[in-house]
Number of protein chains: 2
Amino acid sequence: MDESQIPEWCKHWLEPRDDHSRKRLLLLRAAFDAVAESGFEGLRTRAVASLAGVNVATLHYYFPTKQDLIQGLAQYLQAKFIVVHGPKPAPSGFPALDRLRQEFSDSRYYFACEPRLLLVNLELGVRGKRDPEVQRVMEEMHFHWRQGLEEMIQEGIASGVFRNDIARQEMLSLLITLLSGIVIAGGDRIGELERVTEAWILSDKVKKRLARQREPK
Amino acid sequence: MDESQIPEWCKHWLEPRDDHSRKRLLLLRAAFDAVAESGFEGLRTRAVASLAGVNVATLHYYFPTKQDLIQGLAQYLQAKFIVVHGPKPAPSGFPALDRLRQEFSDSRYYFACEPRLLLVNLELGVRGKRDPEVQRVMEEMHFHWRQGLEEMIQEGIASGVFRNDIARQEMLSLLITLLSGIVIAGGDRIGELERVTEAWILSDKVKKRLARQREPK
DNA sequence: ATCAGAGTCAATCAGCTGATTGATTTATTT
DNA sequence: AAATAAATCAATCAGCTGATTGACTCTGAT
């Protein structure tokens, strides 16, 4: 992951300088653990405070209401997803392809190393269906992700790495739906999906060049 | 939808004869409404009983614990998904293609006419991550769906309707992930996805024949 | 008519839940 | 040193929550 791409506000969010923000973050991490453990259904302010080693009243000092805590958690998750990524795939010589492979690498990484991130994401997603405040944050997150993929596709088609006989929007819809599906359909078979997706999205020219690279003879 | 495919147990489930099962179902429908309205987080036995026009104690007579009610709800949802389908697509002359189009028709129908079904399904899916009893029912549901798709693919490839240069398992994985993704990625753009999917999965022969049918000239 | 069992409900229980209060401590400024 | 603000906690509140109890009704069998 290109570290320089991580925005400033995000670093400040996850590595605050002042004590106030640090303790705030401590509480959010506790809330994250609590939700990962027992979902929103089982989320209790007392449990969060206890996990953070703090009195309940202190929690309410930082987050006046439970709702404030939950909104804070949504923002915490957003920052997390911007920072946490899977290992960078080996350069293929085609930037768009590398970018695509990064998406699958991320998915693999989340399933293998950060399953709770996916769990809490799912919880917040469901809650967002009824909670407009949470929904706003989740949609913002989704928007940035979508925008990144859109740039990838545009670059991929322009550079001849991706096929040019499919409309950008259709390519984008399919990719987003597919990557979203991975999160709920299960983490096994990501390798299969990656192979099929590449076979579908890459231009014939690039596919042939990649095949030649694999068997130099 | 082929009505004869609906199993007997499912009919009995949704149209019970005896009073006991009928009232049981009444309570489950109330539970469904309650979860659709405010999620599991806001599910209260009192609210369910009230929605069903019944005393709380009566609810506990039919469902000794809240957990029993939730497990019942999971089974109710399972029966619902077996019975409720979108309109049958116009016959294309290719059974496998019709079957595929039915999947997209279902998705469209759920989004347009039964959004609460998707909502409760999502809620139960998330709960299943922590509730083994619910998970069992959800996995059973998923298994039948997967099996149906597997048969479709097998038949599609054997009859030359689907392309034969992709492994069955890969085709299945992609299709399941894609259809799962639709549920969370949003109901707009299903048309786009259907078009792209057909372009991807159909054999060249069938694609040409379909194009000829569209422009008979 | 009597009895047994299924079904229903008002009332209640013990414990939990989000939030508040008021006192106390800690850090910063004047 | 004194004053002000920030931070923390034990104790408490009012209301909710899942579940139980015991009394009452209805139905069908004896």
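Just so you know, these numbers use all the heavy atoms, side chains as well, and skip hydrogens, waters and symmetry mates. A note on names: the letters A, B, ... follow the listed sequences, proteins ahead of strands, and every chain is numbered from 1.
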Name the residue closer to the 5' end of DNA chain C, choosing between A:Pro64 and B:Lys23 according to the nucleotide with the nearest heavy atom.
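With A:Pro64 and B:Lys23 compared, the 5'-side residue is B:Lys23.
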Within 6.0 angstrom of A:Arg22 CZ, more than 12 heavy atoms from elsewhere
yes
Please compare A:Ala57 and A:Tyr61 by the position of their nearest nucleotide in DNA chain D and report the one closer to 5'.
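Upstream on the strand: A:Tyr61.
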Do A:Glu192 and A:Arg189 sit within salt-bridge range, that is, some charged N less than 4.0 Å from a carboxylate O?
yes
Test: A:Asp33 and A:Arg116 ion pair at under 4.0 Å
yes
Send over the distance from A:His60 NE2 to D:dA7 P, rounded to a whole Å.
17 Å
Quick one: A:Arg24 CZ to D:dA7 P, roughly how many Å, whole number?
12 Å
Outer limits of DNA chain C sitting under 4.0 Å from a non-hydrogen atom of chain B, read 5' to 3', are C:dA6 to C:dT12
Report yes if the distance between the aromatic ring centroids of A:Phe81 and A:Tyr110 is under 6.0 Å, otherwise no.
yes
Touch check for A:Leu43, heavy atoms < 4.0 angstrom, all strands: base, sugar-phosphate only, or nothing?
sugar-phosphate
Ring pair (Phe, Tyr, Trp, His ring centres under 6.0 Å) contacts touching residues 126-148 of chain B (sequence neighbours left out)
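Residue pairs with at least one partner in residues 126-148 of chain B: B:His142-B:Trp145.
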Test log, rule salt bridge (Lys or Arg N to Asp or Glu O under 4.0 Å), inputs A:Glu123 and B:Arg127
CA-CA 9 Å; A:Glu123 289 277 354; B:Arg127 193 191 166 90; over 6 Å; no
Below the 4.0 Å mark, does D:dA7 have OP1 or OP2 next to a side-chain nitrogen or oxygen of A:Thr58?
no
